Amino acid sequence: MADVTSWREAGSAAPAPGASGASGASGASDAGARALARDVRAGLQSTPRTLPCKYFYDDHGSRLFERITRQPEYYQTRTEQALLEEHAGEVIERVAPRELVELGSGVGRKVRLLLDAMRARGLLRRCLLLDINALYLRRSVAQLAAEYPGAEVRGLHGDFQADLQRLGPGGGRLVLLLAGTLGNIVPRRLPEFLSQVRALLVPGDGFLVGVDLVKDRARLEAAYNDRAGVTAEFNRNILAVLNRELRADFDLGAWEHVAFYDEDEAWIEMRLRSAADQRVTLPALGLACDFRRGDEIRTEISAKYTRASLEARLAGSGLRLSRWWTDAGQRFALALLQPDVAPHDGSDLPPGAAGFPSGSNG
Ligand code: TRP
């Protein structure tokens with residue numbers, strides 16, 4: 001059986017009857033459209049200007065990302081797939097999950113390796129996919145429901161950072177975050193995100209993360225500047241999303257794709273650079289933005305980790321590194337995180353007891 005729930009619509013006030021909203025091909029809810037408007041306004045008015053990367057993934061953007069994963073320079077997908085083929089059985093044996101939850105599932109191909117390992121051991125009961133793109137989510141849920149008839153397959157349409165707590169309590173749960181998506185969270189925010197995931201788990205549960213590793217600049221930069229130009233098209237597509245959803249008038253031809261590795265931050269930064277002096281209007285926001293030639297908008301960061309730098313971010317999250325697998329070339333890793341064994345009954349530590357550095361947010 002299969003169904004898809006929109007968290008936004010299920011969780012808050014029902015959309016006004018007859019509200020047309022700005023739901024485009026991605027089927028964004030009204031609340032989703034309001035969030036987009038709020039995020040874009042804040043991002044374009046901040047210094048430096050930014051746009052949240054989750055808005056890349058409308059239907060066209062999701063398709064473009066699929067093409068990125070097949071580019072010869074983009075080693076991540078192939079490497080992660082091989083690691084999963086090799087180690088899925090061991091992950092499942094260690095966690096013995098009856099429920100698999102994939103955050104940011106996309107087309108959801110790799111999840112099968114884990115579902116197969118669960119089914120082979122008679123464990124598989126439930127599979128939950130969470131994605132920002134409703135069309136891809138519906139498709140993946142329907143496909144998995146057909147392929148795993150014994151399992152309850154559900155989709156949750158939402159943003160895995162904002163909507164995580166809606167997953168409810170764990171127990172027999174394995175959460176997945178693949179495709180280097182962890183890197184798209186600003187590293188200083190990672191401990192907070194990890195504690196949120198920790199709250200969805202009980203001791204013995206697991207959080208399996210695909211982690212792109214620090215490596216030489218040339219290889220990293222090539223992965224985000226593919227020769228076929230697919231990443232450039234993907235990057236500019238966020239402007240097409242704003243044109244459609246916010247009636248903006250970005251001229252996609254007047255923006256250059258920029259992606260470079262910032263060694264101090266250990267992240268790839270993706271930007272769009274204005275090729276001319278130009279004014280862009282966003283009537284839905286009552287906003288006009290002036291750009292000089294060379295001005296940039298930051299659209300994405302993709303942080304790279306080492307085992308040590310990841311473990312440093314785990315401090316205070318309530319999760320510990322339980323297993324770490326890498327390929328021979330040390331390009332990519334699978335990290336299995338599990339709850340710290342609590343001193344007494346496994347319940348959560350009281351706030352403040354988890355060792356967060358104080359004053360980390362204003
Ligand atoms: N999670 C992927 C990554 O960080 C997403 C990604 C790949 C991406 N290429 C991109 C995001 C280009 C924006 C632009 O590698």
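Residue indices begin at 1 and follow the sequence shown. Just so it is clear, the model here is predicted, and its values are computed rather than measured. In each ligand, atom 1 is the first atom listed, and ligand 1 is the first ligand listed.
The aromatic ring centroids of F332 and Y75 lie 6.0 Å or more from each other.
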For ligand 1, list all ligand N or O to protein N or O distances below 3.5 Å, rounded to 0.1 Å.
residue	atom	partner	partner atom	Å
ligand 1	1 (N)	A179	O	3.1
ligand 1	1 (N)	N184	OD1	2.9
ligand 1	4 (O)	N184	ND2	3.0
ligand 1	4 (O)	Y224	OH	3.4
ligand 1	4 (O)	S302	OG	2.6
ligand 1	15 (O)	Y74	OH	2.7
ligand 1	15 (O)	Q76	NE2	3.3
ligand 1	15 (O)	Y224	OH	2.5

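Residues passing the side-chain hydrogen bond (donor to acceptor under 3.5 Å, both in side chains) test with N243: none are found, sequence neighbours excluded. For D249, the side-chain hydrogen bond (donor to acceptor under 3.5 Å, both in side chains) test picks out T281, with sequence neighbours left out.
Among residue pairs with one or both ends in residues 111-128, those qualifying as side-chain hydrogen bond (donor to acceptor under 3.5 Å, both in side chains) are E93-R121, E99-R126, R112-E147, D116-Y148, R126-E152; sequence neighbours excluded.
Counting only distance, with no hydrogens or angles, the side chain of D205 and the backbone of G171 share a donor-acceptor pair below 3.5 Å.
No more than 12 heavy atoms of other residues, nucleotides or ligands shown are found within 6.0 angstrom of CZ on R219.
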